[in-house]
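Report on the structure given below.
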Amino acid sequence: MTGFSPQPTEVGDQRAEALRAGLADVRERVARACDAAGRDPAEVTVIVVTKFFPASDVRRLAALGVRDMGENRDQEASAKFADVKADTAGLRLHFIGQIQTNKAASVASYADVVHTVDRLKLVTALDRGAAAADRRLRVLVQVDLDPARPAATLGAVATAAASAGPARGGADPADVGGLVAAVQASAALDLLGVMAVAPLGVDPGPAFGRLADVSRAVRAVVPDATWISAGMSGDLEVAIRHGATHLRVGTAILGSRPTLR
Ligand SMILES: *Cc1c(COP(=O)(O)O)cnc(C)c1O
């Protein structure tokens with residue numbers, strides 16, 4: 001299968017129809033939020049998060065014209081995308097999960113973009129892995145936006161965290177400058193910008209506002225690092241209002257994920 005144009009899905013493929021409807025719904029939300037924020041929707045890329053879902057869904061999404069897919073686990077991503085990437089032109093795999101240092105070389109061998117660089121050790125490991133695979137790797141620094149949690153919200157946070165939300169992670173904003181310098185000094189990594197997951201159980205607006213501030217500080221040093229990866233199914237409008245350039249959307253397009261895998 002080659003080419004970028006959306007292709008007709010097979011007649012009677014109800015899953016493909018559901019994905020098409022989910023995509024249309026999300027694109028409509030993006031358009032409306034951009035309108036409200038006075039932004040051009042062309043500045044905002046939807047990365048479709050396919051974690052937990054099978055390679056057949058990735059192929060359906062590719063046939064619907066999606067080129068940016070997100071995954072959060074090394075084993076699952078490498079297995080799922082090995083075939084799909086080989087026969088689907090232009091697919092970009094975004095790695096959006098926490099990376100153990102011993103998995104970094106593997107991720108660096110196939111990911112197109114890594115959103116979750118949050119410590120110096122990982123910069124070194126990804127750089128080595130990309131160099132060993134003879135490729136360049138584009139990365140974002142993940143920022144921890146958790147405010148000091150007031151005691152009153154701890155219960156709510158713990159409950160939300162237990163309900164299969166994405167793993168936290170991210171660098172303290174004070175450490176972002178050091179990470180940016182390390183990426184700049186690396187041999188095989190290119191800095192695209194910053195990424196964050198909104199803290200659970202609190203208004204995401206102020207958090208995304210802090211991310212915009214961190215992005216400004218990073219761009220003062222690396223003007224090309226313009227990506228702001230923020231916003232998921234539940235908070236993409238708020239992220240767009242605060243300048244997100246890349247949304248990571250799973251549930252709103254693919255439906256709820258199974259809780260076990
Ligand atoms: C799973 C995940 C998403 C997608 O979340 P939805 O709420 O399903 O849209 C986005 N970002 C990260 C880091 C994730 O792990």
Side-chain angles (χ1 to χ4, degrees), residues 18-19 21-30 33 44-54 57-58 61 66 68-78 80-81 92-100 103-104 107 111-119 122 126 138-146 157 159-171 192-205 207-208 211 214-215 227-240 242-261:
L19 295 176
L23 279 169
D25 182 54
V26 166
R27 285 179 182 143
E28 175 66 30
R29 286 175 62 188
V30 170
V44 178
T45 300
V46 175
I47 297 165
V48 182
V49 178
T50 50
K51 67 187 186 196
F52 288 67
F53 290 98
D57 278 352
V58 175
L61 289 161
V66 174
D68 292 280
M69 316 270 187
E71 287 283 336
N72 73 337
R73 293 205 320 174
D74 172 46
Q75 215 182 352
E76 178 183 349
S78 56
K80 195 186 296 182
F81 279 80
R92 285 176 293 267
L93 176 48
H94 298 254
F95 199 89
I96 62 168
Q98 299 309 294
I99 305 178
Q100 294 168 266
K103 297 284 173 61
V107 172
D112 294 291
V113 182
V114 170
H115 289 233
T116 45
V117 171
D118 62 359
R119 59 195 189 279
L122 188 54
L126 288 170
R138 307 197 294 162
V139 303
L140 292 88
V141 171
Q142 183 181 355
V143 184
D144 180 5
L145 298 176
D146 259 336
V157 167
T159 307
S163 66
R168 309 283 84 186
L192 288 180
V194 294
M195 175 273 204
V197 179
L200 293 163
V202 299
D203 177 3
F208 289 145
L211 182 64
V214 173
S215 169
W227 287 31
I228 300 179
S229 167
M232 320 196 316
S233 293
D235 57 18
L236 65 88
E237 286 86 357
V238 186
I240 286 172
H242 290 278
T245 62
H246 290 71
L247 313 172
R248 309 174 310 268
V249 182
T251 314
I253 294 169
L254 289 131
S256 350
R257 293 178 285 272
T259 47
L260 292 174
R261 56 175 164 176

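All values below come from the heavy atoms of this structure, side chains included, with hydrogens, waters and symmetry mates left out. Ligands are counted one by one from 1 in listed order, and the atoms in each one are counted from 1 as well.
Using a 4.0 Å cut-off to heavy atoms of Arg248, the atoms of ligand 1 that qualify are 4 (C), 9 (O), 10 (C), 11 (N), 12 (C), 13 (C). Each of the following atoms of ligand 1 lies closer than 4.0 Å to a heavy atom of Thr251: 6 (P), 7 (O), 8 (O), 9 (O). Atoms of ligand 1 found under 4.0 Å from any heavy atom of Gly250 (numbered from 1 in listed order, with element): 4 (C), 6 (P), 8 (O), 9 (O). Within ligand 1, the atoms closer than 4.0 Å to a non-hydrogen atom of Val249 are 9 (O), numbered from 1 in the order shown.
Considering backbone and side-chain atoms alike, Arg257 places an N or O below 3.5 Å from some N or O of ligand 1.
Screening Val141, Ile228, Val143 for a side-chain contact (heavy atoms from CB on, under 4.5 Å) involving Ser215 leaves a single residue, Ile228. If you run side-chain contact (heavy atoms from CB on, under 4.5 Å) between Val48 and each of Leu23, Leu247, Asp68, Val249, only Leu23 comes through.
Heavy-atom minimum distance, Ile253 versus Leu19: O-CD2, 3.7 Å.
Of the heavy atoms in Lys51, only side-chain atoms (C-beta onward) come closer than 4.0 Å to ligand 1.
Lys51 NZ to Arg257 CZ: the interatomic distance, rounded to the nearest 0.5 Å, is 4.0 Å.
When Ala198, Ser233, Gly97, Gly170 are ranked by how near their heavy atoms come to atom 9 (O) of ligand 1, first place goes to Ser233.
Here salt bridge (Lys or Arg N to Asp or Glu O under 4.0 Å) pairs that include residues 231-240, with residues two or more places apart or in two chains, are Arg29-Glu237.
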Subject >> Leu145 and Val214: CA distance, side-chain angles, deciding distance, side chain to side chain contact (heavy atoms under 4.5 Å, CB included) verdict >> reply: CA-CA 10 Å; Leu145 298 176; Val214 173; 5.6 Å; no

